[in-house]
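Indexing begins at 1, ligand by ligand and atom by atom, following the structure's order.
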Amino acid sequence: MNPNRLLIIDDDAQIAEIYARVGQEAGFGTRIAPSAAEFRRQLQEWLPSIVLVDLRMPGTDGVELLRLCARERPPAKFIIASGLDHRVVDAAGRLARSFGLDVIGAMVKPVRIADLLALLQTHLAGEATTAGELEAAIAAQHIVGYWQPKLSVGTRAVVGAEVLARWRHPAHGMLMPDHFIPLAESGELIQRLTWSIVERSLAQHAEWAADGLVLPFAVNLSARCLTDLDLPDRLVDMCNRHGVPPERLTLEITESAAMRNQIESADILTRLRIKGIHLSIDDFGTGYSSLAQLQRLPFSELKIDKSFVMPMMQSHDCAVIVRTVIGMAQNLGLRAVAEGVETEECLALLADWGCDEMQGYLFSRALAPEDVPAFMAARA
Ligand code: C2E
Ligand code: CA
Ligand code: CA
C-alpha cells in the first residue's frame, strides 16, 4: 500500500475532488470522506498519513472533528482549510496543536493549488515508518540528539543548548522529528526515545565537561512522560550516574502537556525543581493554558514559539504577541527565550524588548554532537 495516504473531508464534493487530484499529483493515494461517520471509519481503518479538514461540515464542525481525531491519536499530519477568515483558521490550527495533533498547515480558501502541492510534497514519506522500525532504531542508537546553541541576547555568548532528536537512517539519510515523534507519541515509544536522548546527552555533556566545555542543555519532554511519578528520581539517578549536576539539565514541556493532568504534573514538576532540574514552558502561545495555573507551576523559563518569532518583521500581530509575552515573562520572573531567530533585525527588536535568550538559524542550526566543540571554540 502507498505509505502516502491523503484523507480529505470537505462537504463541497467539487473542491474535495480538486484536492484529491492535487494529492494524486503529489504522489498520494487519496480518499474523500463525505460525512463525519465515514471520516472516522477511514481514520481508523485506512490510517491516512495526512488529513485535510474543512472547518465547516454539515452536521458537525471542523473543531469537533479535530477533537475526535485527538482522541484517536492517529499518527497522521493535519492540514486545515477553510473559507473562514484567516484568524479563525489560525485559531483552529493552534487549538488542534493544543489537542496534540501534528498540524502542518492552515490554509484559507480558495486554497492555491501550487501551495497545497508544495506542502504535500514536503511531507511525502519515502516509506512509511512503523513502530517496529522506530523501536529498532532507538535500540540501535540511530536516534541521535543534535545540539542547537542557545545564546544570551545581551552578550551573544552561548549559554546552553537544546537537544533535538534526529534519526540517522541507514537508507533514507537524516530524518527530522516530524517524521517520527508523532509516531512515537502515539504509543509508548516516546518514553524509550526520551530516556535514550536524556541518557546519551548526559554522557555527552560529561565527556565535554571533562575537557572543560560545560554546556548546560535542555531536552524536550512529551506529555506522556509527565504521568510517570518516578520521573524525578529516575532523572536524578541518571544525572548522578554520569556525574552531572541536575542544575545543568532543563526539561522543555509544552504548556498543554503541563495542563493535561494538572495534579499529577504539578506533583512531578515540583519535585523536579526541588531536585534542581530546570523547567521551561515550550511553544508558549501555541497551546492554551490559564496563566494563573502556569504561574503556580515552578517554571523558570518561557520559550516563545518560532511561529510568532519568525514572522515578526512582517506581521504586526506576531510582533505584538512576542513583545507582550516577553513583558509577561519578566513580570512573572521567568527567563524569556525566543526560538526561530533568523535575522539581525529580529534580534535587535528582541534586545529592545528585554528578551533574555535566543536560538535560531541566525547563529546556528542544531549541530551533530561531533561538530559542537568546534562551534564553541570558534565563538569563544
Ligand atoms: P521545538 O521544541 O519547538 O524545537 C524547536 C524547533 O525549531 C526545532 O525543530 C529547531 O530546529 C527549530 N528551529 C530553531 N531555530 C529555528 C530557526 O531560526 N528557523 C527555523 N525555521 N527553525 C528553527 P526540529 O528539530 O525539527 O524539532 C521539531 C519539534 O520536534 C520540536 O519542536 C519538538 O517539539 C520535537 N522534538 C524534537 N526532539 C524531540 C525529543 O527528543 N523529544 C520530544 N518529545 N520531542 C522532540
Ligand atoms: Ca523545545
Ligand atoms: Ca517551538
S.K.: Look at atom 25 (O) of ligand 1 and say which protein heavy atom is nearest, naming residue and atom and giving the distance to 0.1 Å.
M.R.: R166 NH1, 2.8 Å
S.K.: Run the numbers for me: atoms of ligand 1, each under 4.0 Å from some heavy atom of E162, listed by number.
M.R.: 2 (O), 4 (O)
S.K.: With a cut-off of 6.0 Å (strictly less than), are more than 12 heavy atoms of other residues, nucleotides or ligands near CD of Q314?
M.R.: yes
S.K.: When you measure from atom 8 (C) of ligand 1 to every protein heavy atom, which one gives the shortest distance, and what is it?
M.R.: L164 CD1, 3.7 Å
S.K.: Between L117 and I32, is there a shared hydrophobic cluster once you connect ILVMFWY residues whose side-chain heavy atoms come closer than 4.5 Å?
M.R.: yes
S.K.: Take atom CZ of R271 as the centre, draw a 6.0 Å sphere, and report whether it contains more than 12 heavy atoms from other residues, nucleotides or ligands.
M.R.: yes
S.K.: Please confirm whether the backbone N or O of G187 pairs with a side-chain atom of R224, one donor and one acceptor, at under 3.5 Å?
M.R.: yes
S.K.: Is there at least one pair of N or O atoms, one from K306 and one from ligand 1, spaced under 3.5 Å apart?
M.R.: yes
S.K.: Using distance alone, with no hydrogens and no angle criterion, decide if S307 and D305 have a side-chain donor and acceptor under 3.5 Å apart.
M.R.: yes
S.K.: Run the contact test for G340 against ligand 1 with a 4.0 Å cut-off on heavy atoms, strictly below, and give the result.
M.R.: yes
S.K.: Report the distance from atom CG of L65 to atom CD1 of I9, rounding to the nearest 0.5 Å.
M.R.: 4.5 Å
S.K.: Is any N or O atom of T194, backbone or side chain, closer than 3.5 Å to an N or O atom of ligand 1?
M.R.: no
S.K.: Students should be able to answer this: which protein heavy-atom is nearest to atom 16 (C) of ligand 1, and at what distance?
M.R.: Y361 CE2, 3.4 Å
S.K.: Tell me which N, O or S atom of E162 sits nearest to the Ca ion (ligand 2).
M.R.: OE2
S.K.: Applying the side chain to side chain contact (heavy atoms under 4.5 Å, CB included) test to T194, which of L231, L189, V219, L221 qualifies?
M.R.: L221
S.K.: Would a distance-only check, ignoring hydrogens and angles, find a side-chain to backbone donor-acceptor pair under 3.5 Å from R5 to L47?
M.R.: yes
S.K.: Rounded to the nearest 10°, what angle sits at the Ca ion (ligand 3) between OE1 of E339 and OD1 of D283?
M.R.: 120°
S.K.: Which residue holds the protein heavy atom closest to atom 43 (C) of ligand 1, what is that atom called, and what is the gap in Å?
M.R.: N220 CB, 3.7 Å
S.K.: Any side-chain to backbone donor/acceptor pair from R97 onto L101? Under 3.5 Å, distance only.
M.R.: no
S.K.: When you measure from atom 41 (O) of ligand 1 to every protein heavy atom, which one gives the shortest distance, and what is it?
M.R.: A165 CB, 3.6 Å
S.K.: For the Ca ion (ligand 3), which N, O or S atom of D305 is at the shortest distance?
M.R.: OD1
S.K.: Could you list the atoms of ligand 1 found under 4.0 angstrom from a heavy atom of G360?
M.R.: 15 (N), 18 (O)
S.K.: Name the closest protein heavy atom to atom 27 (O) of ligand 1, giving the residue it belongs to and the distance to 0.1 Å.
M.R.: P177 CG, 3.4 Å
S.K.: Could you tell me the angle subtended at the Ca ion (ligand 2) by OE1 of E252 and OD1 of N220, rounded to 10°?
M.R.: 100°
S.K.: Evaluate the 4.0 Å heavy atom contact test for atom 38 (N) of ligand 1: does a protein atom fall under the cut-off?
M.R.: yes
S.K.: Which protein non-hydrogen atom lies closest to atom 3 (O) of ligand 1, naming both residue and atom, and how far is it?
M.R.: D283 OD1, 3.1 Å
S.K.: Under 3.0 Å from the Ca ion (ligand 3), can any N, O or S atom of D282 be found?
M.R.: no
S.K.: Considering only heavy atoms of Q148, which atoms of ligand 1 have at least one such atom less than 4.0 Å away?
M.R.: 10 (C), 14 (C), 15 (N)
S.K.: Can you tell me which residue among E162, Q359, E339 is in a side chain to side chain donor-acceptor pair (under 3.5 Å) with Q148?
M.R.: Q359
S.K.: Is the ring pair W147/F217 parallel, tilted or perpendicular, if the boundaries are 30 and 60 degrees?
M.R.: tilted
S.K.: Is the shortest heavy-atom distance from the side chain of V341 to the side chain of L151 under 4.5 Å?
M.R.: no
S.K.: What I want to know is whether E185 and ligand 1 share at least one N or O pair that is separated by under 3.5 angstrom.
M.R.: no
S.K.: Is the closest basic N to carboxylate O distance between R31 and E45 below 4.0 Å?
M.R.: no
S.K.: Near M310, which atoms of ligand 1 are under 4.0 Å from a heavy atom of that residue?
M.R.: 19 (N), 20 (C), 21 (N)
S.K.: Give the atom numbers and elements of ligand 1 that come within less than 4.0 Å of a heavy atom of E342.
M.R.: 17 (C), 18 (O), 19 (N), 20 (C), 21 (N)
S.K.: Taking only non-hydrogen atoms of V219, do any sit less than 4.0 angstrom from ligand 1?
M.R.: no
S.K.: Check whether any N or O atom of I190, backbone or side chain, sits under 3.5 Å from an N or O atom of ligand 1, and answer yes or no.
M.R.: no
S.K.: For the pair E357 and K303, find out whether any cationic side-chain nitrogen is under 4.0 Å from an anionic carboxylate oxygen.
M.R.: no
S.K.: Determine whether the side chain, the backbone, both or neither of T254 has a heavy atom under 4.0 Å from any heavy atom of ligand 1.
M.R.: neither
S.K.: Would you say atom 45 (N) of ligand 1 has a protein heavy atom nearer than 4.0 Å?
M.R.: yes
S.K.: Indicate yes or no: does an N/O atom of E252 lie under 3.5 Å from an N/O atom of ligand 1?
M.R.: no
S.K.: Going through the distances and angles, do K306 and E342 end up as a salt bridge (charged side-chain N to carboxylate O under 4.0 Å, His left out)?
M.R.: CA-CA 10 Å; K306 62 176 184 287; E342 296 193 342; over 6 Å; no
S.K.: Is the shortest side-chain N to carboxylate O distance from K109 to D10 below 4.0 Å?
M.R.: yes
